[in-house]
Amino acid sequence: MQYWLFKTEPDEFSINDLKRKNNEVWDGIRNYQARNFLRDQVALDDLVFIYHSSCKEPGIVGIATVIKTAFPDPSQFDANSKYFDTKSTLENPRWFSVELQFVKQLRPIPLAKLKNDQQLASMLLIQKGSRLSIQPVTKSEWEYILKTYS
DNA sequence: GCCAACGTTGGC
DNA sequence: GCCAACGTTGGC
């Protein structure tokens, strides 16, 4: 069992959208490091913190689970999508998606609280300048955050 | 809206 | 392979 944190802008797709739809193809990831995690490491039944970024109160807002592992991100082939990529081909796709299923909503855990917590000082999310939109969370970080903040 | 910290592109 | 210029992320 592995743990992850996926960022999303709530104006684009929020935890409430995931709750309402139940399942969601996580598309539009256009960063190679994040792509590599999606393609190579995210596994069935892994658990994911859903994180709201670029919003009034950034933070962890819910939990999801992986119900489908890596497949080519459909949006890269869609000329009408803002994620369309002319350099991608069906034979050699550049970008990958996984599919998530809603598990639960959390009382929002603000980034400000996580940043102030010495126990989480080494968490990737807290590292200065870490813009990674798909990032691993350690088992101890996962358990500590849930125990302490939910 | 500002801007620091990245990431990507492309000329050389 | 270097690096300047440009684009993006994301907290504040």
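Numbered from 1 within each chain, the chains take letters A, B, ... in sequence-line order. Scope of the values below: all heavy atoms of this structure, side chains included, with no hydrogens, waters or symmetry mates.
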Trainee: Nearest to the side chain of Lys115(A), which nucleotide is it out of dA5(B), dG11(C), dT9(B)?
Mentor: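 So the nucleotide nearest the side chain must be dG11(C).
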Trainee: Should Glu57(A) and Lys113(A) count as an ion pair when the cut-off is N to O under 4.0 Å?
Mentor: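 Salt bridge: no.
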Trainee: Counting the atoms with a prime plus P, OP1 and OP2 as sugar-phosphate, which does Lys56(A) contact under 4.0 Å by heavy atoms, base, sugar-phosphate, or nothing?
Mentor: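 Contact class for Lys56(A): none.
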Trainee: Calculate the interatomic distance between Arg35(A) atom CZ and dT8(B) atom C1'; express it in whole Å.
Mentor: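 Roughly 14 Å, once rounded to whole Å.
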Trainee: Which nucleotide wins on minimum distance to the side chain of Tyr51(A), given the candidates dG10(C), dT9(B), dG11(C)?
Mentor: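 Within the option list, the nearest is dG11(C).
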Trainee: Does any donor-acceptor pair link the side chain of Arg30(A) with the base of dT8(C) at a separation under 3.5 Å?
Mentor: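 Per atom types, no contact qualifies.
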Trainee: Nearest to the Asn31(A) side chain among dG10(C), dG7(B), dG11(C), which nucleotide is it?
Mentor: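 For the Asn31(A) side chain, the nearest candidate turns out to be dG7(B).
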Trainee: Roughly how many Å is it from NE2 in His52(A) to C1' in dT9(C), rounded to a whole number?
Mentor: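 Atom-to-atom, His52(A) to dT9(C), this comes out as 17 Å.
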Trainee: Does a nitrogen or oxygen in the side chain of Lys7(A) sit under 4.0 Å from OP1 or OP2 of dG10(C)?
Mentor: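 Lys7(A) to dG10(C) OP1/OP2: side-chain N or O found under 4.0 Å.
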Trainee: Could you state the CD1-P distance from Ile126(A) to dG11(C), rounded to the nearest angstrom?
Mentor: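 Those two atoms, CD1 and P, are 10 Å apart.
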Trainee: Is any side-chain heavy atom of Trp26(A) closer than 4.5 Å to one of Val42(A)?
Mentor: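 They are not in contact (no side-chain heavy atoms under 4.5 Å apart), so the answer is no.
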Trainee: OP1 or OP2 of dC6(B) versus the side-chain N and O atoms of Tyr32(A): is any pair under 4.0 Å?
Mentor: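 No, no such contact exists.
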Trainee: Any salt bridge between Asp73(A) and Arg35(A), counting N to O under 4.0 Å?
Mentor: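 Judged by the 4.0 Å cut-off on N to carboxylate O distance, Asp73(A) and Arg35(A) do not form a salt bridge.
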Trainee: Tell me the interatomic distance from Gln127(A), atom CD, to dA5(B), atom P, rounded to whole angstroms.
Mentor: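 Going from Gln127(A) (CD) to dA5(B) (P), I get 14 Å.
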Trainee: When rounded to the nearest 0.5 angstrom, what is the spacing between CZ in Arg20(A) and CD1 in Ile15(A)?
Mentor: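 If I round to the nearest 0.5 Å, the distance is 12.0 Å.
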Trainee: Grab the CG-C1' distance between Asp85(A) and dT9(B) for me, whole Å please.
Mentor: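 Between C1' of dT9(B) and CG of Asp85(A): 14 Å.
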Trainee: Evaluate the ring-ring contact (aromatic ring centres under 6.0 Å, His included) criterion for residues Phe37(A) and Trp4(A): first the C-alpha distance (whole Å), next the side-chain angles of each, then the deciding distance (0.1 Å), finally the verdict.
Mentor: CA-CA 10 Å; Phe37(A) 281 131; Trp4(A) 304 93; 5.5 Å; yes
Trainee: Atom CD of Glu12(A) to atom P of dG10(C): distance rounded to whole Å?
Mentor: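 After rounding, the reported distance stands at 12 Å.
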Trainee: Using whole Å, report how far CG of Leu132(A) lies from P of dT9(C).
Mentor: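 Distance check: Leu132(A) CG to dT9(C) P gives 13 Å.
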Trainee: Round to a whole Å and report the spacing from CD1 of Ile134(A) to P of dT9(C).
Mentor: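 For the pair Ile134(A) CD1 and dT9(C) P, the rounded distance is 13 Å.
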